[in-house]
Number of protein chains: 2
Amino acid sequence: MILKSQVEWVLHCCALLAGLPENHYLSTKTLAEFHGVPKEYLSKALQNLSQAAIVETTLGPSGGYRLARPTSEITFLDIVEAVEGKSPTFVCNNIRENNPCRSADHCDTKPCSVARIMWDADEAWRSKLRSVTLASLVETLAKDVPADLWKKSSEWVMART
Amino acid sequence: MILKSQVEWVLHCCALLAGLPENHYLSTKTLAEFHGVPKEYLSKALQNLSQAAIVETTLGPSGGYRLARPTSEITFLDIVEAVEGKSPTFVCNNIRENNPCRSADHCDTKPCSVARIMWDADEAWRSKLRSVTLASLVETLAKDVPADLWKKSSEWVMART
DNA sequence: GGCAATTTACTCGGATAAGGACTGTCCGAGTGTTCCAGG
DNA sequence: CCTGGAACACTCGGACAGTCCTTATCCGAGTAAATTGCC
């Protein structure tokens with residue numbers, strides 16, 4: 001069970017978009033070039049973000065993407081779920097129904113105990129992702145990324161906005 | 001990102017094995033029949049449990065599997081990791097290295113900030129799974145499963161042990 | 001210089017394909033139990 | 001009745017397809033800015 005590489009891509013893209021001034025857009029091409037990933041496939045992932053109302057898009061030249069909300073109101077969970085989907089990582093196929101001793105008319109009132117535990121763990125994972133916003137990521141990055149690289153990257157991006 | 005259906009299978013198998021008296025074994029065939037899943041493919045999953053020292057096996061007729069440890073010392077995480085592997089669900093491909101502004105000799109001292117957050121969430125998921133033992137699952141099941149079904153299932157299993 | 005038409009650059013969505021992972025099946029080798037035949 | 005060998009039932013491991021998901025790639029349609037041409 002491994003997350004799509006698209007998740008990594010869009011997280012980094014959002015980090016880049018978060019550093020952008022108001023009313024500026026970044027094109028898929030620029031985002032793909034900056035991260036060294038295939039432009040057209042990255043586009044698919046960004047479309048998911050767009051559908052989830054995390055980013056906004058403008059058509060035409062000088063078009064592209066920008067964040068649809070303040071960075072403090074976008075969580076990691078929003079982004080991950082936009083790409084991976086909201087359905088739990090554990091699917092219960094109710095194999096207890098195959099129990100040969102089970103009478104045909106038996107109706108399970110409660111969800112399977114095994115599934116409940118797995119879903120709780122899934123919720124713990126999502127809850128952790130929900131607690132981290134884009135704003136806090138930017139804070140962390142500002143501390144971790146060397147100042148000169150930060151400055152050069154910023155200029156590189158602004159030249160293409 | 002969805003867990004293998006094998007995970008569901010082996011969790012239910014472990015629940016069944018947990019109800020077994022000491023020194024009794026259940027064959028793959030019996031376990032597969034009880035849960036209505038393909039015998040040979042279930043066998044693959046059980047081999048993983050065997051490698052992880054969660055279950056023990058005996059060859060020959062009247063052979064099969066039994067738990068290798070007390071139910072209180074087997075966690076959901078043990079079982080899930082035996083089937084799914086121990087590697088984190090998020091893999092960091094270090095796409096920040098593709099940053100065109102990055103100097104060639106630049107060496108990243110810290111792991112990627114994005115990856116750290118994702119790994120924290122992964123750990124929260126694993127931590128939750130680690131907190132649930134087979135013993136507590138059996139307790140829950142004893143409460144949730146109707147008494148007559150529990151009794152009949154127990155007899156069905158014991159007839160094949 | 002001002003306005004309309006054309007070109008251009010971009011997003012969006014669908015179609016398509018390669019590769020890998022998950023799911024499932026089959027078979028041979030090894031092992032321990034059970035059963036049967038011969039003494 | 002006792003003992004040795006054959007038959008049997010099971011696990012283990014490898015080999016092998018089928019199907020779905022991931023990872024792309026390509027192209028046409030639509031849109032808005034930029035450019036060009038014309039008055």
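Proteins get letters first, then strands, A, B, ... in listed order; numbering begins at 1 in each.
Taking a 4.0 Å limit (strictly below) on heavy-atom distances, residues 41-59 of chain A reaches DNA chain D at Y41(A), K44(A), L59(A). Heavy-atom distances under 4.0 Å link DNA chain D to W9(A) of residues 9-34 of chain A, given in residue order.
Atom-to-atom, NZ of K4(B) to P of dC21(D) comes out at 16 Å; the value is rounded to the nearest Å. The distance from atom NZ of K39(A) to atom P of dC27(D) is 12 Å, rounded to the nearest whole Å. For the pair R66(B) CZ and dT11(D) P, the computed distance is 14 Å after rounding to whole Å. Distance E84(B) CD to dA21(C) P: 13 Å, rounded to the nearest Å.
Between M118(B) and V80(A) there is a side-chain heavy-atom pair separated by less than 4.5 Å. D122(B) is not listed as a side-chain neighbour of K128(A), based on a closest heavy-atom distance of 4.5 Å or more.
Candidate nucleotides dA24(D), dG24(C), dC12(C) were compared by shortest atom distance to the side chain of Y65(A), and dC12(C) ranks first.
For the residue pair N99(A) / S153(B), a side-chain donor-acceptor distance below 3.5 Å is found, with atom types taken as modelled. Y65(A) and T57(A) share no donor-acceptor pair across their side chains, judged by distance under 3.5 Å alone. R96(A) and N94(A) form a side-chain donor-acceptor contact under 3.5 Å, judged by distance and modelled atom types alone.
Between E8(A) and N93(B) the shortest heavy-atom distance is OE2-N, 2.9 Å. Contact between A18(B) and L134(B) at its shortest, heavy atoms only, is CB-CD1, 4.5 Å.
The aromatic rings of W9(B) and Y41(B) sit perpendicular to each other, their planes meeting at more than 60°, with 30° as the lower class boundary.
Summary of the strand contacts: L3(A) and P61(A) both lie near DNA chain D, and taking for each the nucleotide with the nearest heavy atom, the more 5' one is attributed to L3(A). Between E40(A) and M1(A), the residue anchored closer to the 5' end of DNA chain C is E40(A), taking for each the nucleotide with the nearest heavy atom.
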